[in-house]
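What follows is a single structure, written as structure tokens, with notes after it.
All values below come from the heavy atoms of this structure, side chains included, with hydrogens, waters and symmetry mates left out.
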Amino acid sequence: MECGLSRAVAALSALFALSWSGFLLSGAAEPWPDVRVVALLSLAQAVLTVVRGARIQLSRKDLVVAVGLALAGPAVLAVEGASRVVIGQRCLMTAPAVLLAAILMPGRARRWTYAAVIGAQIAICWPVDGPAGAVEGVWPLAATAVAGDVLAPLMRTAGDRADRAQQRVRAVRAAAGREAGRREAHRNFQGVLHDEVSTALQAIVLSGVPLPRLREAASRAVAALAASPVRPPGVGRVDLTAQLRALRPPAGTELRIEYPDTLHVPGYVADAVVGAAREALRNVEEHAGARTVRIRLREIDAPGRPGTGRDVGFRLSVTDDGSGFSVEDLAPSSVGLRRSVIRRMDAAGGRAEISSAPGRGTTVGLEWHPPAADPAAAEERADVRDGTAEALLARMRAAVGDVRRPLAAVCLPFLSTMGIVAVVHASRSPGTGPLLVWYALLAGLTVALLLRADAGISRPVAGAACCFAVSGVLGGFLVLPLSALKDYDSWPVGAVTPLLTLLVIVRPAWEALTALALEQAGIVVLVVTGPPIAASPSATVAVVLPALFAPALGVLTGLVIGRTISHLGGVTTRAESARSAMLATEAARRAREELHRERLALLGEEILPLLTEVGSGRCAPDDPEVKNRARLLSGAVRDELQLPGVLDRTTRELLASARRTGCVVVIQSDSDDLHPPAFLRLLLSTALACGPTPREIVLTVNAVTGAVRASLVVLPGDPQRARALEDVLATAGAGTDADVMNSDTSTWVEAAVRAP
């Protein structure tokens, strides 16, 4: 915000420099050396402020120089009569000090500075213009001081408030990134467990698997567990056909692949498709008994022009001539097809279809289309140079919140002081009553538009307001003489400043600038075609230039302030978006690592050593002890797939012990989302630890809206186990619908707990 204020002062100082240059070139200062010296010093000070403001180097030294010139310049002119310079030009000596005080001084010191420079100008002008004229002559400075006193602190406060809001946004996005990272790492870990770890353990348990393939599976599982935690979803664009060519055919099956020469897709999509295709091939090997498998990849969208990098949609099918199955019989808890294929594609924004029938083979179809552009993201990425009213307002809101407050600080001081000037001059100028009525309507229109500014002002309304303002100014010279341009009798010329300033801030700049140009051009035409208002053309220019510059300065001030705020809002939005994305990405990366460490710590102590030994050849996979270890660990992996992150070492040891004694353990879930671990652990450990070892235990977990419902069946029934389960359910607070039933044949538990 400080940078924006500094550059705004630099831009306004450029206008001061332009005015002093025009004053010197017009020859108005030629007869008086002291006037030329003051004008040259004012020009030099304005140029210096432009340079230092643009470089963000403004300091209190600049304020001291401006205040010194504001006090000394009018004093020098007063020696031989300040009336040699029109009142509008005299105000430009004091205006830089007021502006610099607004952005460089604290509250009390700022107001004392205002009082000093404005009071000095009143004192110097008093002998020339009289008491009323001297006070009236400083109204632009007084309005500027009031606006600066309100606007600068308001912008700083708004900036601080925006910073705090952005910090909250960053925290929310980082939290969302962490949650997304944990979900992603969870899905990846589930895929590795099923696709690699479970396959390798089952290969060890089975007889007749060739030793090279068994070791390859074990090594691949170890590598997958080591690689999956920190790698984010596939980034960039990769060639999908190159990855498909690397797929290994199922044992005893001929693999045929049809694909285009190249097909580049986002990396995360390639990861999902290749993983789903690999799972389909694994199912062919384990269940289908097929002779041939055909993979066919084809584009389904017209490819982008070469070099555009546009993604295209595609369809990939994996078809075998094996035994097939009934799709309707596919269990909701099936990990292979439902989770490793269907949900994997869903997560990548695609879809999967499975077609099969007994004796007719199976086709797994994978399809993906490029996502449609996100309108919100497109708006966020809109270039700051977009000049539409909606874009301007959006960027201003990003910088200061409600735009009406800074608009009121800019417009209302000028509107109220101009009203006083209008009343004073209308009361002493016969026939100007209609102009007063016109100004009252103009002031009401300006206030109405200001109140409407945050919601937006339409082009027809803005155009009608500009027409009303400009026609009133030019029509005012039907009752005002052109000589009124020498002083504030021409107050209607500046009366349009608040309205045009408001519009130039909230509407495309060309609208208000066009109205300003029409007003200025109309006045020039009236001066050129009307009776002379000064003794010479150069003197006429010296009279007309400050009159024209007064409304131009206000409108261009509004333009600079509005565009500065808009620019800062655009920069803030883009920078904040980039920073938030970086924070969310980093939070997701850390969350992936944390979840992977958590999950791996639960399984890796036993599984990784066994797979490493088998993969390296340090143990014989046909050893009965090795096969038994693999069988128990395979059961643990199946449990983990169904209840991810739930089973701790104690519960896993209880399950392994039950399996060693011949207990059949079946755990199934219709969702691979993270479940409430403490509740399910307590349920399982109580059922396994209390009473004699059961013959069979079945735990079914179903996700319902806002809760997880668990159904536990233990065979045979046991009163001691039933009482223990009742006690833990009461302690866990699972809900009033929790119920335990016991008979000689079974103990049955139904309970629900809030989802995590």
Side-chain angles (χ1 to χ4, degrees), residues 15 18-19 22-23 25-26 28 86-89 91-92 140 411 414-415 418-419 421-422 425-426 429 431-443 445-446 449 459-505 507-534 536-559:
L15 300 178
L18 179 64
S19 177
F23 178 78
L25 292 174
S26 70
V86 296
I87 186 64
Q89 200 71 38
C91 288
L92 295 185
C411 297
F414 289 94
L415 200 65
M418 180 56 72
V421 171
H425 282 270
S429 301
T432 57
L435 287 179
L436 195 61
V437 174
W438 166 80
Y439 181 74
L441 295 174
L442 183 69
L445 177 62
T446 303
L449 293 181
R459 178 175 294 179
V461 171
C466 289
C467 290
F468 178 73
V470 173
S471 60
V473 172
L474 299 179
F477 285 100
L478 295 175
V479 296
L480 291 174
L482 287 174
S483 59
L485 292 170
K486 296 179 180 180
D487 52 37
Y488 288 131
D489 284 335
S490 62
W491 61 267
V493 175
V496 300
T497 303
L499 174 66
L500 297 185
T501 301
L502 169 66
L503 294 178
V504 84
I505 292 176
R507 293 286 309 167
W510 68 266
E511 298 176 0
L513 293 179
T514 299
L516 176 66
L518 291 174
E519 180 203 42
Q520 308 264 297
I523 293 174
V524 170
V525 170
L526 290 174
V527 170
V528 171
T529 59
I533 61 174
S536 65
S538 61
T540 301
V541 171
V543 170
V544 174
L545 191 62
L548 297 179
F549 190 75
L553 177 62
V555 174
L556 295 178
T557 299
L559 176 63

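Interatomic distance, Gln520 CD to Leu513 CG, rounded to the nearest 0.5 Å: 10.5 Å. Taking CG from Leu502 and CZ from Arg507, the interatomic distance works out to 11.0 Å, rounded to the nearest 0.5 Å. Within the model, atoms SG of Cys466 and CG of Leu503 stand 5.0 Å from one another, a figure rounded to the nearest 0.5 Å.
Closest approach of Ala515 and Val470 over heavy atoms only: O-CG2, 3.4 Å. Minimum heavy-atom separation, Ile523 to Phe477: CG1-CE1, 4.4 Å. Considering all non-hydrogen atoms of both residues, Leu442 and Val496 come closest at CD2-CA, 4.1 Å. Across Leu518 and Leu474, no two heavy atoms sit closer than the pair O-CD1, 4.4 Å. Nearest heavy atoms, Leu441 versus Phe468: CB-CZ, 3.8 Å. In terms of heavy atoms, Leu482 sits closest to Pro531 at CD1-CD, 4.2 Å.
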Test side chain to side chain contact (heavy atoms under 4.5 Å, CB included) on Val493 and Glu519; report intermediate values, then the result. CA-CA 8 Å; Val493 175; Glu519 180 203 42; 4.0 Å; yes

Fill in: side chain to side chain contact (heavy atoms under 4.5 Å, CB included) between Leu415 and Tyr439, intermediate numbers included
CA-CA 10 Å; Leu415 200 65; Tyr439 181 74; 3.6 Å; yes

Item to complete: Using the side chain to side chain contact (heavy atoms under 4.5 Å, CB included) rule, take Thr432 and Trp438 through it: C-alpha gap first, then chi angles, then the decisive distance, then the call.
Response: CA-CA 10 Å; Thr432 57; Trp438 166 80; over 6 Å; no

